[in-house]
Amino acid sequence: MVHFLEAERVSKNYQAGGGAPVQALDEVTFTADSGEWIAIMGPSGSGKTTLLNILGCLDQPSSGSVRIGSTDISKLTRAELVRFRAETVGLIFQQYHLIPHLTALENVMLAQYFHSMTDEAEARRMLEHVGLTARASHLPSELSGGEQQRVAIARALVNDPKIILADEPTGNLDASNEQIVLDLLSGLHAQGRTFLLVTHDERAGRCADRRINLEHGRIVETVVFTAEENEDFDEVLEELWMLRESAMHHECSHFTEMQKRRLVATMSRIGLLKMAGSEVDFTQAGESRARSVIRRHRLAERLFMDVLSIRDDAAVESNACTFEHILSPEVTDRICTFLGHPATCPHGSPIPPGECCGDGAPGEKRSSESTRGRAN
Ligand code: ADP
Ligand code: MG
């Protein structure tokens with residue numbers, strides 16, 4: 001797969017005033033896909049700004065290469081870099097960097113000017129997009145910090161850049177303005193924009209699809225998913241499982257198309273799903289995780305109906321949805337054994353067998369065909 005952005009062994013040394021050289025980046029390698037939102041995190045001085053400046057064509061690496069789209073930006077001359085930046089990259093800074101004697105509208109139009117030509121109507125539309133229609137003719141000094149940052153976001157967006165790079169965009173904002181800006185960025189990401197966001201703020205980091213941790217100029221890549229995210233992955237796996245099982249369109253998806261697209265992209269990256277043409281399919285790891293979620297869900301349904309005599313379908317379903325995420329493998333096998341290894345859920349769908357279901361040969365998995373006739 002060709003990634004939208006590829007940084008390979010990027011290093012940056014600063015030689016400041018005759019002192020010892022500072023290695024701000026040390027062989028940083030990572031990729032970003034189109035539509036992805038990556039948070040670059042790490043303590044102060046770890047090289048985040050240096051990395052973002054290189055990706056944003058404001059600086060060049062001492063060694064290594066950076067490709068964005070089909071362009072190797074480490075090979076561009078200074079003039080070519082300026083052009084490439086104007087056409088491809090949208091930049092957002094902690095300090096907003098608005099021109100003080102230009103209005104909000106003129107600040108946005110200035111970015112158009114550097115790109116090609118100005119288009120006032122388009123610039124106004126961008127301000128409307130960030131909720132600042134009424135502030136178009138105000139100077140930066142007449143705007144709050146949150147409003148100034150939204151002008152800077154409008155400016156970053158106005159040329160429809162392929163990638164948006166933001167360096168601590170919420171670093172100077174109070175909590176409520178931070179939330180406004182994060183909501184705005186989330187909305188833009190949902191439209192399919194690619195984001196690299198430098199932050200040391202946990203809240204901002206949590207909005208991202210993936211986090212890259214920098215320490216002393218080196219990457220310690222961490223893929224951290226919350227319990228909610230893992231539950232979403234399970235739901236997607238279940239939907240796909242049921243789709244394959246019934247060969248029918250599964251109508252009651254929990255997710256919007258946009259959420260699904262984002263989940264599928266994340267799950268492909270972490271090896272749960274793969275694309276076969278335009279179709280989504282399980283990887284081996286994804287299939288095995290789906291099998292065990294479905295197994296936990298259907299065993300829980302049996303438990304609630306057969307043992308606890310809950311007859312309300314909605315109550316059974318919602319409880320099973322909770323239990324499927326929290327049952328350990330041991331408890332699942334105990335429930336299965338207690339229930340006599342049922343072959344189907346109360347609605348007749350097969351329960352994938354577990355380790356406990358092998359007859360006489362512990363640990364041996366039986367095929368779903370041979371489990372059909374099991375005692376129910
Ligand atoms: P962060 O954004 O994570 O706080 P920076 O990328 O700004 O980190 O800085 C990484 C390291 O490089 C720091 O040790 C910093 O002092 C050093 N550094 C950054 N810019 C320069 C520069 N222009 N000249 C010399 N050293 C620099
Ligand atoms: Mg910084």
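Just so it is clear, the structure is predicted and the values come from calculations on it, not from any experiment. First listed ligand is number 1; within each ligand, the first listed atom is number 1.
Dense packing is recorded around NE2 of His347, with more than 12 heavy atoms of other residues, nucleotides or ligands lying under 6.0 Å away. For Gln284, the CD atom counts as loosely surrounded, since its 6.0 Å shell holds 12 or fewer non-hydrogen atoms of other residues, nucleotides or ligands. Other residues, nucleotides and ligands contribute at most 12 non-hydrogen atoms within 6.0 Å of the OH atom of Tyr113. Around CZ of Arg218, the count of heavy atoms belonging to other residues, nucleotides or ligands within 6.0 Å does not exceed 12.
Side-chain contact between Arg296 and Ile335: absent, with no pair of heavy atoms (C-beta onward) separated by less than 4.5 Å.
Ranking protein heavy atoms by distance to atom 19 (C) of ligand 1, first place goes to Tyr14 CE1, 3.4 Å. Remark: minimum distance from atom 6 (O) of ligand 1 to any protein heavy atom is reached at Thr50 OG1, 2.5 Å. Nearest protein heavy-atom contact of atom 15 (C) of ligand 1 is Val22 CG1, 4.8 Å. Of the protein's non-hydrogen atoms, the one nearest atom 12 (O) of ligand 1 is Ala24 CB, 3.3 Å. Protein heavy atom closest to atom 8 (O) of ligand 1, with residue, atom name and distance, is Gly47 N, 3.2 Å.
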Worked check of salt bridge (Lys or Arg N to Asp or Glu O under 4.0 Å) between Glu257 and Arg261: CA-CA 6 Å; Glu257 277 309 306; Arg261 206 169 64 107; over 6 Å; no
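Ligand 1 is approached by Pro43 to a heavy-atom distance shorter than 4.0 Å. A heavy-atom separation below 4.0 Å is found between Gly45 and ligand 1.
Applying the 4.0 Å criterion to heavy atoms of Ser44 picks out, from ligand 1, the atoms 4 (O).
Counting backbone and side-chain atoms alike, Thr49 contributes an N/O/S atom closer than 2.8 Å to the Mg ion (ligand 2).
When Leu52, Asp59, Ile40, Thr49 are checked for heavy-atom proximity to atom 7 (O) of ligand 1, Thr49 turns out nearest.
Electrostatic pairing of Arg125 and Glu122 counts as a salt bridge here, judged by a charged N lying under 4.0 Å from a carboxylate O.
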